[in-house]
S.K.: 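A single structure is presented below for examination.
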Amino acid sequence: MMMKYAEGQNMPKATRIAIANGAAGMFSNLVSCVYFVPLDVISQRLIVQRLPGTTNCSSPFDVIRKVTKTEGSRGLYRGFGLTALTQSPASALWWGSYGAAQHIIWRSLGCKGELEKKPSHLEMVTAAAGMVAGACSSVITTPVDTIETRLQTAKALFKEDGWWGFYRGFGPRFLNMSLYGTTMIVAYELI
């Protein structure tokens, strides 16, 4: 749907692909938050249940029962807004970068047609585009994750290290997201 809408726009094809993939990635992430957030709430409650001030639960279903009893069904969606706000743009960036990188790489190899006409090194192009997408995404999401993780100390972090403080852990995250992008998308495209 997004590619059809983007075709009518006066912009380079790589940009149209990036926008269409990014919009689809963001929307699909929003949809997945509908089940991801409650599962994450259940998981987190089970992880911290032995800490002082927490409720002990015997199973995931016990967590659901106790959360809905004390907080209502909204309790299962605690943090939905923050999760959607942080993960959806990251997903849009990842899928947009992937689509644009894949298109640019294919064009640079002289392939302008459909998938059936592309050369046999599909996996290498897919891996390279996945790596580019992971790398691009990590540049933007590292500060967001750092802020999310250290929300209580963000002001002190900024005062101590300036903007570079929000890039703490960038190297491992860059490598992690690049490798994740490579392996995930190669498996996705092959399957």
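Values in this document were obtained by computation on a predicted structure and should not be read as measured data. Position 1 is the first residue of the sequence, and the numbers go up from there.
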S.K.: To which residues is Met3 joined in a hydrophobic cluster, defined by side-chain heavy-atom contacts under 4.5 Å among Ile, Leu, Val, Met, Phe, Trp and Tyr, whether direct or through other members?
M.R.: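 Noted: Met3 shares its cluster with Ile17.
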
S.K.: Quick check: does any side chain N or O of Thr70 sit under 3.5 Å from a backbone N or O of Lys66, one acting as donor and the other as acceptor?
M.R.: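 Yes; judged by distance alone, with no hydrogens or angles, the pair exists.
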
S.K.: Tell me the side-chain hydrogen bond (donor to acceptor under 3.5 Å, both in side chains) pairs involving residues 19-30, sequence neighbours left out?
M.R.: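 Matches after skipping sequence neighbours: Asn29-Ser88.
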
S.K.: Might you point out which heavy atoms bring Gln102 and Thr126 nearest each other, and give the distance in Å?
M.R.: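 So the two residues come closest at NE2-OG1, 3.8 Å.
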
S.K.: List the steps, then state whether side-chain contact (heavy atoms from CB on, under 4.5 Å) holds for Tyr98 with Val132.
M.R.: CA-CA 7 Å; Tyr98 171 72; Val132 168; over 6 Å; no

S.K.: Can you name the nearest heavy-atom pair linking Ala90 to Ser137, along with the distance?
M.R.: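 Looks like O-OG, 3.7 Å.
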
S.K.: In terms of hydrophobic clusters joined by side-chain contacts under 4.5 Å, are Val34 and Val37 together?
M.R.: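 Same cluster.
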
S.K.: Can you tell me how far CG of Asn10 sits from OG1 of Thr15, rounded to the nearest 0.5 angstrom?
M.R.: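 Between atom OG1 of Thr15 and atom CG of Asn10 there are 10.5 Å.
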
S.K.: How close do Pro38 and Cys33 get, counting heavy atoms only, and between which atoms?
M.R.: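 Pro38 and Cys33 have their closest heavy atoms at CD-O, 3.9 Å.
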
S.K.: Could you check whether the rings of Phe80 and Tyr77 sit parallel, tilted or perpendicular, using 30° and 60° as the cut-offs?
M.R.: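 Ring orientation of Phe80 relative to Tyr77: perpendicular.
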
S.K.: Which atom pair, heavy atoms only, marks the closest approach of Ser91 to Met26?
M.R.: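 That closest heavy-atom pairing would be OG-N, 4.2 Å.
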
S.K.: Would you compute the distance between atom OG of Ser97 and atom CE of Met131 and round it to the nearest 0.5 angstrom?
M.R.: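 Answer for the OG-CE pair, Ser97 versus Met131, is 14.0 Å.
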
S.K.: Main chain of Ile64, side chain of Thr68: is a donor-acceptor contact present, judged purely on distance under 3.5 Å?
M.R.: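 Yes; at least one donor-acceptor contact below 3.5 Å.
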
S.K.: Quick test of your reading of the model: are Arg45 and Glu71 salt-bridged, counting only N-O distances below 4.0 Å?
M.R.: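 Answer for the salt bridge query: yes.
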
S.K.: Is the backbone of Ile105 close enough, under 3.5 Å, to the side chain of Ser108 for a donor and an acceptor to pair up by distance?
M.R.: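 Confirmed, Ser108 side chain pairs with Ile105 backbone.
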
S.K.: Applying side-chain contact (heavy atoms from CB on, under 4.5 Å) to Gln87 and Leu30, what does each step give before you reach the verdict?
M.R.: CA-CA 8 Å; Gln87 290 184 2; Leu30 285 170; over 6 Å; no

S.K.: Between Cys57 and Asp62, what is the shortest heavy-atom contact and its length?
M.R.: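 Closest heavy-atom pair between Cys57 and Asp62: CA-OD2, 3.2 Å.
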
S.K.: Determine the minimum heavy-atom distance between Ala18 and Ala100, stating which atoms define it.
M.R.: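 Smallest interatomic distance, heavy atoms only, reads CB-CB, 3.8 Å.
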
S.K.: Between Phe36 and Leu76, is there shared hydrophobic-cluster membership here, with clusters defined by ILVMFWY side-chain heavy atoms closer than 4.5 Å?
M.R.: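 Cluster IDs for Phe36 and Leu76 match.
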
S.K.: Are Phe61 and Leu46 in one and the same hydrophobic cluster, where Ile, Leu, Val, Met, Phe, Trp and Tyr link if side-chain heavy atoms are under 4.5 Å apart?
M.R.: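 Linked, Phe61 and Leu46 end up in one cluster.
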
S.K.: How would you list all residue pairs meeting side-chain hydrogen bond (donor to acceptor under 3.5 Å, both in side chains) that involve residues 31-43, not counting sequence neighbours?
M.R.: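 Counting only pairs at least two positions apart or across chains, no side-chain hydrogen bond (donor to acceptor under 3.5 Å, both in side chains) contact touches residues 31-43.
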
